[in-house]
Trainee: 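I am attaching a structure below and will ask some questions about it afterwards.
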Amino acid sequence: MNENELLEILHSSQHETDTYDFKERWENTNSELLKDILSFTNTAHHYDCYLIYGINDGKDVIGITDTDKNRKNQQNISDFLQSLNFANSSIPKVLVNTLELENKLVDILTIKDSDQVPFYLRADWHVKIPSF
C-alpha cells in the first residue's frame with residue numbers, strides 16, 4: 001500500500017472492511033497479532049489485506065512512535081511467523097512498511113493473498129509463541 005492508496009481509504013465513506021483494519025497501536029501480545037494475521041490470511045476473497053497501525057477507528061492519524069515496545073519490523077514479523085508450527089509448512093507472507101502522514105508515522109502490515117489457505121498451527125499456539 002502506498003500513500004495515495006491509504007489516503008483514498010481514509011477519505012472514503014467506508015470504515016474497516018474485510019481487507020483492512022485500523023489499529024491505534026501494535027498489538028500487546030504476539031497471540032493477538034497472530035489472530036489478526038490469520039483472520040486476514042483465511043478470508044474468502046483473493047485480495048491483499050492490511051493492518052494499518054497509527055490510525056484510530058475514526059480514521060484520525062494518531063501515529064506510531066519509535067518508543068512503542070510492541071512495534072514490529074519486517075524481520076520481527078518474519079522471525080515470529082517462522083518460529084511457529086504451521087501445518088503443511090505454509091507460512092503467511094507479510095510485509096511491513098512505514099508511511100508518513102500529517103508528520104506522523106503509520107505502519108502498514110500487508111498480508112499477501114495466497115492460494116495455500118487455510119493457514120493454521122499444528123500445535124497449541126498459546127504455549128509455543130515466543131516473545132520479542
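Computed over heavy atoms, backbone and side chain alike; hydrogens, waters and symmetry mates excluded.
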Trainee: Can you measure from CD1 (Ile91) to OG1 (Thr41) and round to the nearest 0.5 angstrom?
Mentor: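 Rounded to the nearest 0.5 Å, the CD1-OG1 separation comes to 12.0 Å.
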Trainee: Taking salt bridge (charged side-chain N to carboxylate O under 4.0 Å, His left out) as the cut-off, I'd like each qualifying pair that reaches into residues 47-60, sequence neighbours left out, listed once.
Mentor: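 Checked against salt bridge (charged side-chain N to carboxylate O under 4.0 Å, His left out) - neighbours excluded - the pairs reaching residues 47-60 are Asp48-Lys112.
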Trainee: Can you list everything that forms a side-chain contact (heavy atoms from CB on, under 4.5 Å) with Glu8? Sequence neighbours excluded, please.
Mentor: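 Expected list: none.
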Trainee: For Asn76 and Asn73, which heavy atoms make the closest approach, and how far apart are they?
Mentor: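 Taking Asn76 first and Asn73 second, the nearest heavy atoms are N-OD1, 2.8 Å.
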Trainee: Would you compute the distance between atom CG of Leu38 and atom CG of Leu121 and round it to the nearest 0.5 angstrom?
Mentor: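 Between atom CG of Leu38 and atom CG of Leu121 there are 6.0 Å.
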Trainee: By side-chain contact (heavy atoms from CB on, under 4.5 Å), which residues pair with Asn2, not counting sequence neighbours?
Mentor: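 Counting only residues at least two positions away or on another chain, Asn2 forms a side-chain contact (heavy atoms from CB on, under 4.5 Å) with Asn4, Glu5.
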Trainee: Quick check on the hydrophobic clustering: are Leu33 and Leu84 connected, directly or via other members, by side-chain heavy-atom contacts under 4.5 Å?
Mentor: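 Same cluster: Leu33 reaches Leu84 through Ile, Leu, Val, Met, Phe, Trp or Tyr contacts under 4.5 Å.
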Trainee: Pairs in or reaching into residues 82-95: which pass salt bridge (charged side-chain N to carboxylate O under 4.0 Å, His left out), with residues at least two apart or in two chains?
Mentor: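 The answer is none; no pair qualifies.
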Trainee: Using the test side chain to side chain donor-acceptor pair (under 3.5 Å), find all partners of His45 that sit at least two apart in sequence or belong to another chain.
Mentor: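 Partners of His45 by the side chain to side chain donor-acceptor pair (under 3.5 Å) criterion, ordered by chain and then number, come out as Thr43.
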Trainee: Sub-3.5 Å donor-acceptor pair from the side chain of Asn42 to the main-chain atoms of Phe119, do we have one?
Mentor: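 Yes.
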Trainee: Please tell me if the side chains of Leu105 and Arg71 come closer than 4.5 Å, counting only heavy atoms from C-beta onward.
Mentor: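 Side-chain contact under 4.5 Å: yes.
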Trainee: What residues form a side chain to side chain donor-acceptor pair (under 3.5 Å) with Thr19, not counting sequence neighbours?
Mentor: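 Testing Thr19 for side chain to side chain donor-acceptor pair (under 3.5 Å), a comparison that skips the adjacent residues, returns Thr17.
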Trainee: Tell me every residue that passes side-chain contact (heavy atoms from CB on, under 4.5 Å) with Ser78, counting only those two or more places apart in sequence or in another chain.
Mentor: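 Ser78: side-chain contact (heavy atoms from CB on, under 4.5 Å) contacts with Gln74.
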Trainee: If we only count heavy atoms from C-beta on, is the Leu81 to Phe86 side-chain gap below 4.5 Å?
Mentor: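 A side-chain contact exists here, since the closest heavy-atom pair is under 4.5 Å.
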Trainee: Quick one: do Tyr47 and Asp18 satisfy side-chain contact (heavy atoms from CB on, under 4.5 Å)? Show the steps, please.
Mentor: CA-CA 10 Å; Tyr47 302 104; Asp18 61 350; over 6 Å; no
Trainee: What's in the same ILVMFWY side-chain cluster as Tyr20, cut-off under 4.5 Å, chained through other members?
Mentor: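 Tyr20 clusters with Met1, Leu6, Leu7, Ile9, Leu10, Phe22, Tyr50, Ile52, Ile55, Val61, Leu99, Leu101, Val106, Ile108.
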Trainee: Residues in side-chain contact (heavy atoms from CB on, under 4.5 Å) with Asp21, at least two apart?
Mentor: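 Listed in chain order: Glu16, Lys23, Phe40, Leu51.
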Trainee: Going by side chain to side chain donor-acceptor pair (under 3.5 Å), name the residues that satisfy it together with Asn97, two or more places apart in sequence or in a different chain.
Mentor: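 In terms of side chain to side chain donor-acceptor pair (under 3.5 Å), with neighbours along the sequence ignored, Asn97 is linked to no residue.
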Trainee: Any heavy-atom pair between the side chains of Leu109 and Ile37 that's under 4.5 Å?
Mentor: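 Sidechains of Leu109 and Ile37: in contact.
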Trainee: Only one of Asp68, Asp107, Asn70 forms a side chain to side chain donor-acceptor pair (under 3.5 Å) with Trp26, so which one is it?
Mentor: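 The single option meeting the side chain to side chain donor-acceptor pair (under 3.5 Å) with Trp26 is Asp107.
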Trainee: With a 4.5 Å limit on heavy-atom distance, are the side chains of Glu27 and Asp36 in contact?
Mentor: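 Side chain of Glu27 against side chain of Asp36, heavy atoms only: contact under 4.5 Å found.
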Trainee: For the atom pair NE2 (His46) and CG (Asp113), what is the distance rounded to the nearest 0.5 Å?
Mentor: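 If we round to the nearest 0.5 Å, His46:NE2 and Asp113:CG are 6.0 Å apart.
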